[in-house]
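Below is one structure, written out as structure tokens; the observations come after it.
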Amino acid sequence: QVQLVESGGGLVQTGGSLRLSCAAPAVISKNYATGWFRQAPGKEREFVAAISWSGTTSYSDSVQGRFTISRDNAKNTVDLQMNNLKPEDTAVYYCAGRQGTLVRTSVNEYSYWGHGTQVTVSS
């Protein structure tokens with residue numbers, strides 16, 4: 001089973017920054033899109049950002065302008081730069097992958113998942 005691996009979570013104060021990274025195995029072929037989702041305690045998993053193989057991006061309204069998603073296809077990695085963090089950004093962040101050229105925002109559209117990394121923003 002294909003497994004993605006997240007890294008870079010941690011504890012930060014309000015207004016601070018963190019950079020998450022997602023590594024995908026080489027067995028995933030070209031033309032796959034990668035998304036970041038998050039899940040806070042007691043809430044459903046929600047879309048954060050996604051990027052296609054060619055670099056098309058999509059962001060949720062709550063992170064637009066603060067978060068930036070990028071990818072390095074040679075290294076099979078996707079990063080999520082998170083700036084101006086707020087306490088409501090606190091959640092477990094998951095990296096997800098799907099075959100296809102389009103970015104999607106639904107959890108059900110993604111086939112590959114990581115185990116998640118905790119992001120905590122203190123007030």
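What you see below is based on every heavy atom in this structure, not just the backbone, and it leaves out hydrogens, waters and symmetry mates. On a predicted model such as this, the values are computed, not experimentally measured, just so you know.
- Here OG of Ser58 is found 9.0 Å from CD1 of Ile69. Values are rounded to the nearest 0.5 Å.
- Tyr59 and Phe37 fall into different hydrophobic clusters, where Ile, Leu, Val, Met, Phe, Trp and Tyr are joined by side-chain heavy atoms under 4.5 Å apart, directly or via other members.
- Rounded to the nearest 0.5 Å, atoms OG (Ser123) and CD (Glu88) are 10.0 Å apart.
- Taken together through direct or relayed side-chain contacts under 4.5 Å among Ile, Leu, Val, Met, Phe, Trp and Tyr, Leu85 and Val63 form part of one hydrophobic cluster.
- Leu20 and Tyr94 are members of different hydrophobic clusters when ILVMFWY side chains are connected at heavy-atom separations under 4.5 Å.
- Remark: Gln3 engages His115 in a side-chain contact (heavy atoms from CB on, under 4.5 Å) (not counting sequence neighbours).
- Considering every non-hydrogen atom in both Val119 and Leu18, the closest pair reads CG1-CD1, 3.9 Å.
- The cluster map of Ile, Leu, Val, Met, Phe, Trp and Tyr, joined by side-chain heavy atoms under 4.5 Å apart, puts Phe67 and Trp36 in the same cluster.
- Grouping the Ile, Leu, Val, Met, Phe, Trp and Tyr side chains by contacts below 4.5 angstrom, directly or via other members, places Val78 apart from Trp113.
- Here Thr77 contributes atom OG1 and Asp72 contributes atom CG; the two are 4.5 Å apart, rounded to the nearest 0.5 Å.
- The main-chain N or O of Arg104 is found under 3.5 Å from a side-chain atom of Tyr110 such that the two form a donor-acceptor pair.
- Taking 4.5 Å as the limit, every side-chain heavy atom of Val103 sits out of range of all side-chain heavy atoms of Thr57.
- Judged by distance alone, with hydrogens and angles left aside, the side-chain atoms of Thr90 form a donor-acceptor pair with the main-chain N or O of Val121 at under 3.5 Å.
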Quick one: do Tyr32 and Tyr112 satisfy ring-ring contact (aromatic ring centres under 6.0 Å, His included)? Show the steps, please. CA-CA 10 Å; Tyr32 77 94; Tyr112 317 121; 7.5 Å; no
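- Nearest heavy atom pair, residue Thr101 against residue Ser52, reads O-CB, 3.4 Å.
- Under the side-chain contact (heavy atoms from CB on, under 4.5 Å) criterion, Asp79 pairs with Arg19, Ser21, Ser70, not counting sequence neighbours.
- Contacts of Glu46 classified as side-chain contact (heavy atoms from CB on, under 4.5 Å), with partners at least two apart in sequence or in another chain: Arg38.
- Under the salt bridge (Lys or Arg N to Asp or Glu O under 4.0 Å) criterion, no residue pair touches residues 112-123, with sequence neighbours excluded.
- Under the 4.5 Å side-chain criterion, counting only non-hydrogen atoms from C-beta, Met82 is not in contact with Val12.
- The stretch residues 6-17 participates, sequence neighbours left out, in these side chain to side chain donor-acceptor pair (under 3.5 Å) pairs: Ser17-Asn83.
- Scanning for side-chain contact (heavy atoms from CB on, under 4.5 Å) contacts around Val5 gives an empty result, with sequence neighbours left out.
- Remark: the backbone N or O of Ile51 is paired with a side-chain donor or acceptor of Arg71 at under 3.5 angstrom.
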